[in-house]
Amino acid sequence: MVETAELIDNDFLRQFEIKINDDLAIIEYSLQERKIFLTKLIIPETIKDEEFKKDFLALVFDQIQERNLSVVPTSPEIAKFVRSNRKYKRMLPVGLRI
């Protein structure tokens, strides 16, 4: 489902967006210096596939990694994703453990 959709970094609204059918999944963020704080994950109720959330978060993390930014997950759902995916833990700022 995510593979066919385009990930958009809407820097005006400070959110990553992906449109699936007529629904919009969003991850809100705040950018400070070389850190990006991922503050909120919004998945429409019409998307019930649990894999969608993981794939969406992986796309966002991969894009953040390309920009060489550190990630501070402030949303419990996003922090849970980082804990369960070792390769993204190295993107956390030095000294931050979740």
Side-chain angles (χ1 to χ4, degrees):
M1 185 183 308
V2 172
E3 301 84 28
T4 60
E6 178 186 1
L7 179 66
I8 297 167
D9 180 2
N10 185 335
D11 57 349
F12 179 73
L13 294 176
R14 287 186 234 125
Q15 63 190 22
F16 291 101
E17 305 170 346
I18 196 163
K19 191 169 186 176
I20 302 296
N21 301 325
D22 290 331
D23 297 315
L24 192 64
I26 297 169
I27 296 178
E28 295 178 357
Y29 67 83
S30 173
L31 191 58
Q32 297 175 10
E33 296 173 14
R34 299 291 305 154
K35 295 182 189 117
I36 188 164
F37 293 77
L38 301 178
T39 57
K40 192 172 188 182
L41 173 65
I42 303 168
I43 305 286
E45 291 180 13
T46 55
I47 301 174
K48 301 194 186 314
D49 183 10
E50 188 63 30
E51 285 300 310
F52 171 81
K53 185 189 308 182
K54 292 176 186 174
D55 293 343
F56 179 37
L57 284 164
L59 272 177
V60 169
F61 272 78
D62 290 342
Q63 188 172 100
I64 292 169
Q65 190 171 28
E66 288 174 14
R67 294 165 54 184
N68 290 327
L69 297 173
S70 294
V71 176
V72 180
T74 60
S75 161
E77 288 180 283
I78 298 172
K80 181 181 173 186
F81 173 78
V82 173
R83 276 194 297 276
S84 64
N85 289 280
R86 236 186 148 102
K87 74 177 194 174
Y88 298 123
K89 281 187 181 182
R90 68 175 183 259
M91 294 173 64
L92 298 174
V94 175
L96 179 67
R97 296 191 184 266
I98 57 169

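- For R67, the side-chain hydrogen bond (donor to acceptor under 3.5 Å, both in side chains) partners at least two apart in sequence or on another chain are D9.
- Residues L59 and F16 have side chains not in contact (no heavy-atom distance under 4.5 Å, counting atoms from C-beta outward).
- A donor-acceptor pair is defined here as one N or O able to donate and one able to accept, closer than 3.5 Å; such a pair exists between the side chain of T39 and the backbone of E28.
- Between D11 and Y29, the side chains place no donor N or O within less than 3.5 Å of an acceptor N or O (distance only, hydrogens not considered).
- When all heavy atoms are compared, the tightest approach of E17 to N10 is OE2-ND2, 3.0 Å.
- Smallest separation of non-hydrogen atoms from I27 and F56: CG1-CE2, 3.5 Å.
- Counting heavy atoms from C-beta on, the side chains of F52 and I43 come closer than 4.5 Å.
- Tracing side-chain contacts under 4.5 Å through hydrophobic residues (I, L, V, M, F, W, Y), one reaches L31 starting from L7; they form part of the same cluster.
- Between K53 and E77, the shortest heavy-atom contact is NZ-OE2, 2.9 Å.
- Closest of all the heavy-atom pairs between P44 and L24 is CG-O, 3.4 Å.
- No side-chain heavy atom of L41 sits less than 4.5 Å from a side-chain heavy atom of F81.
- Taking 4.0 Å as the cut-off between side-chain N and carboxylate O, K54 and E51 count as a salt-bridged pair.
- Side chains of V71 and L69 form no contact here, defined as non-hydrogen atoms less than 4.5 Å apart.
- Inter-residue side-chain proximity for I78 and F61 is flagged as met; some heavy-atom pair is nearer than 4.5 Å.
- Remark: E33 engages no residue in a salt bridge (charged side-chain N to carboxylate O under 4.0 Å, His left out) (not counting sequence neighbours).
- L57 is not listed as a side-chain neighbour of N85, based on a closest heavy-atom distance of 4.5 Å or more.
- Annotation: side chain of N68 is in contact with side chain of R34 (closest heavy-atom distance under 4.5 Å).
- Nearest heavy atoms, R90 versus Q65: NH2-NE2, 3.0 Å.
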